[in-house]
Novice: 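I'd like to ask some things about the structure below.
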Amino acid sequence: MYKALIIGAGSIGGLIDSPISKAVASHAHAYQKHSDTQLCAICEPSELNAFAFMERWGDVHRYVSVDEISTNDHYDIVSISSTTKSHFYDLMTLLKRQDASMILCEKPLVATQEELSTLYTLLLQSDKKILVHFIRRYNPTFIHLAERVQKGEFGKSLGFQGVCTKGLLHNGSHMLAVLSHFLGNLVSIKPFRGSFCHEDLCGEFGVSLENTDGLISVIAHPPYALFEITFWFERGMIKILDGGDKIEIYSRVPSTYEGYFSLALHETITTNLSNYAYDSVEFLLKKNKETCKQILSEHLHIHTIIFQTFSKVLP
């Protein structure tokens, strides 16, 4: 049994679902459900959150701050689901500890370029397994589809277009993680109509990857969640819909007009993405340090390019 600690026992830490939920969306639910982990403690400053958490998940040891965690206390796996502004201090604290050999940190990893610059080398040189919680990166269906793309099943990439909400750093980073997974490392982001919203960036952005270019739109204030991507390839099209819960694959077929071709729905995939917290814990437990380090490096690079884009929009 790996002893688990959750830093930040609010929504994603344990209050977004419950033990009877069909989805496994919170870190608490993932640790309760996984046969190899035992939830032992939380670190949560809010009395209200701590009370609500223990009502759902049972009594666990509670720290009010990470500074209270004694060097004699031992935890194998730690989830960081505190506020983004707390991530830097939480990560620095865990990197100095002898335990916490596995760390799963909510996105965005940090709040500023300065924090990222300080942590960048420390994270990559650490002997710990560390992942940023870009949920689709650890979903088995997304992993398999990325392998199909990389093996050339759909032919050469012709471009992509994505749309999401809540800012380039917050939900946009999720989208960039999918794009990088499918089409190679992120090269650059060019803001076409970038503006600041909620301490983040919204607008239209040209995105260059190793294997193709495309466009993403980050909408500022819609009254609903939105996350969709369309990929175009020589031999077809892939649509990621409903936040990633559903994927449609279209194949090139002869058109009714001689010499022309169109696209027809060929395959529909259900991703079971609602169990994302469990998938991420399972991935972190099972994958080796080299694999986790490669993915961490990719996601650190995404954060770097996003913060560079912030500087391009600053007046």
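From a predicted model like this one, the values you see are computed outputs, not experimental measurements.
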Novice: Would a distance-only check, ignoring hydrogens and angles, find a side-chain to backbone donor-acceptor pair under 3.5 Å from Ser126 to Leu122?
Specialist: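 Side chain of Ser126 to backbone of Leu122: no pair is present.
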Novice: Taking atom CZ as the centre, does Arg56 end up with more than 12 heavy-atom neighbours from other residues, nucleotides or ligands that are less than 6.0 angstrom away?
Specialist: yes
Novice: Work out which heavy atom in Glu44 is nearest to a heavy atom in Ala50; give both atom names and the distance.
Specialist: CG-N, 3.9 Å
Novice: Using the rule that two of Ile, Leu, Val, Met, Phe, Trp, Tyr join whenever any of their side-chain heavy atoms come within less than 4.5 Å, decide whether Ile130 and Leu94 are in one cluster.
Specialist: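 Cluster IDs for Ile130 and Leu94 match.
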Novice: Whether Arg235 engages the ring of Phe154 as a cation-pi pair (distance to the six-membered ring centre under 6.0 angstrom, angle to the ring normal within 45°) should be assessed.
Specialist: no
Novice: Report the C-alpha separation of Ser262 and Val253 in whole Å, then their side-chain angles, then the decisive distance to 0.1 Å, and conclude whether the side-chain contact (heavy atoms from CB on, under 4.5 Å) test is met.
Specialist: CA-CA 5 Å; Ser262 59; Val253 296; 3.7 Å; yes
Novice: Which atom names give the shortest non-hydrogen contact between Asn139 and Thr271, and what distance separates them?
Specialist: ND2-O, 3.0 Å
Novice: Out of curiosity, Tyr75 OH to Cys40 SG, how far, rounded to the nearest 0.5 Å?
Specialist: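 Nearest 0.5 Å value for the OH-SG distance: 6.5 Å.
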Novice: Do Leu109 and Leu91 pass the side-chain contact (heavy atoms from CB on, under 4.5 Å) test, and can you show the C-alpha distance, the side-chain angles, and the key distance before you say yes or no?
Specialist: CA-CA 9 Å; Leu109 183 72; Leu91 283 165; 3.7 Å; yes
Novice: Sub-3.5 Å donor-acceptor pair from the side chain of Lys156 to the main-chain atoms of Thr212, do we have one?
Specialist: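 Side chain of Lys156 to backbone of Thr212: no pair is present.
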Novice: Cation-pi check, Lys107 to Phe134: give yes when NZ or CZ is under 6.0 Å from the six-membered ring centre and within 45° of the ring axis, no otherwise.
Specialist: no
Novice: If Ile, Leu, Val, Met, Phe, Trp and Tyr residues are connected whenever their side-chain heavy atoms lie under 4.5 Å apart, and connections chain through other members, are Leu209 and Val218 in the same group?
Specialist: yes
Novice: For residues 263-270, please give each side-chain donor-acceptor pair under 3.5 Å, one per line with the distance, not counting sequence neighbours.
Specialist:
| residue | atom | partner | partner atom | Å |
| --- | --- | --- | --- | --- |
| Glu267 | OE1 | Arg148 | NH2 | 3.1 |
| Glu267 | OE2 | Arg148 | NH1 | 3.3 |

Novice: Crowded around Phe261 CZ? As in, over 12 foreign heavy atoms under 6.0 Å?
Specialist: yes
Novice: For a side-chain contact (heavy atoms from CB on, under 4.5 Å) check, start with the C-alpha distance between Glu153 and Val149, then their side-chain angles and the critical distance, and finish with the verdict.
Specialist: CA-CA 6 Å; Glu153 178 179 334; Val149 170; over 6 Å; no
Novice: I'd like to know if the side chain of Asn275 reaches the main chain of Tyr278, judged simply by a donor and an acceptor atom lying under 3.5 Å from each other, with no hydrogens or angles considered.
Specialist: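 No; zero donor-acceptor contacts below 3.5 Å.
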Novice: Has the side chain of Ser79 got a donor or acceptor atom that lies under 3.5 Å from a matching backbone atom of Leu5?
Specialist: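 No, Ser79 side chain to Leu5 backbone: no donor-acceptor pair under 3.5 Å.
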Novice: Just list the side-chain donor-acceptor pairs under 3.5 Å for residues 238-251, sequence neighbours left out, or say none.
Specialist:
| residue | atom | partner | partner atom | Å |
| --- | --- | --- | --- | --- |
| Glu248 | OE1 | Tyr250 | OH | 2.7 |

Novice: Under 30°, 30 to 60°, or over 60°: which ring-plane class applies to His303 and Phe307, parallel, tilted or perpendicular?
Specialist: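 Rings of His303 and Phe307: tilted, 30 to 60°.
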Novice: Measure the OG1-CD distance between Thr37 and Gln32 for me, rounded to the nearest 0.5 Å.
Specialist: 9.5 Å
Novice: Answer yes or no: is there an ion pair linking Asp200 with Lys166, defined by an N-O contact shorter than 4.0 Å?
Specialist: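 No, no charged N to carboxylate O under 4.0 Å.
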Novice: Within a radius of less than 6.0 Å around CZ of Phe192, do more than 12 heavy atoms belonging to other residues, nucleotides or ligands occur?
Specialist: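 More than 12 within 6.0 Å, yes.
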Novice: Which one of Phe233, Phe231, Phe160 satisfies the ring-ring contact (aromatic ring centres under 6.0 Å, His included) criterion with Phe182?
Specialist: Phe231
Novice: Count the heavy atoms of every other residue, nucleotide or ligand shown that sit under 6.0 Å from CG of Asp127, and state whether that count exceeds 12.
Specialist: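 No, not enclosed.
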Novice: State, with a plain yes or no, whether a side-chain heavy atom of Ile42 is found less than 4.5 Å away from one of Trp57.
Specialist: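 They are not in side-chain contact.
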Novice: Can you name the nearest heavy-atom pair linking Ile80 to Asp90, along with the distance?
Specialist: CG2-OD2, 3.9 Å
Novice: Decide, yes or no, whether a salt bridge links Lys33 with Glu282 under the criterion of side-chain N to carboxylate O below 4.0 Å.
Specialist: no
Novice: Just checking Glu204: does its CD atom have more than 12 heavy atoms from other residues, nucleotides or ligands closer to it than 6.0 angstrom?
Specialist: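 More than 12 heavy atoms, drawn from other residues, nucleotides or ligands, come within 6.0 Å of this atom.
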Novice: Would you indicate whether Glu68, at its atom CD, is surrounded by more than 12 heavy atoms from other residues, nucleotides or ligands within a distance under 6.0 Å?
Specialist: yes
Novice: Ion pair present between Asp36 and Lys286, side-chain N to carboxylate O less than 4.0 angstrom?
Specialist: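 Yes, charged N to carboxylate O under 4.0 Å.
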Novice: Using 30° and 60° as the class boundaries, would you call the ring planes of His133 and His27 parallel, tilted or perpendicular?
Specialist: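 His133 vs His27 ring planes: tilted.
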Novice: Within a radius of less than 6.0 Å around NZ of Lys287, do more than 12 heavy atoms belonging to other residues, nucleotides or ligands occur?
Specialist: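 No.
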Novice: Look only at the side chain of Ser81 and the backbone of Gly8, and say whether a donor-acceptor pair between them is shorter than 3.5 Å.
Specialist: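 The answer is yes, because a donor-acceptor pair under 3.5 Å joins these two groups.
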Novice: Let me confirm one number: the CD-CZ distance from Glu114 to Phe88, rounded to the nearest 0.5 Å.
Specialist: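 Taking CD in Glu114 and CZ in Phe88, the distance rounds to 10.0 Å.
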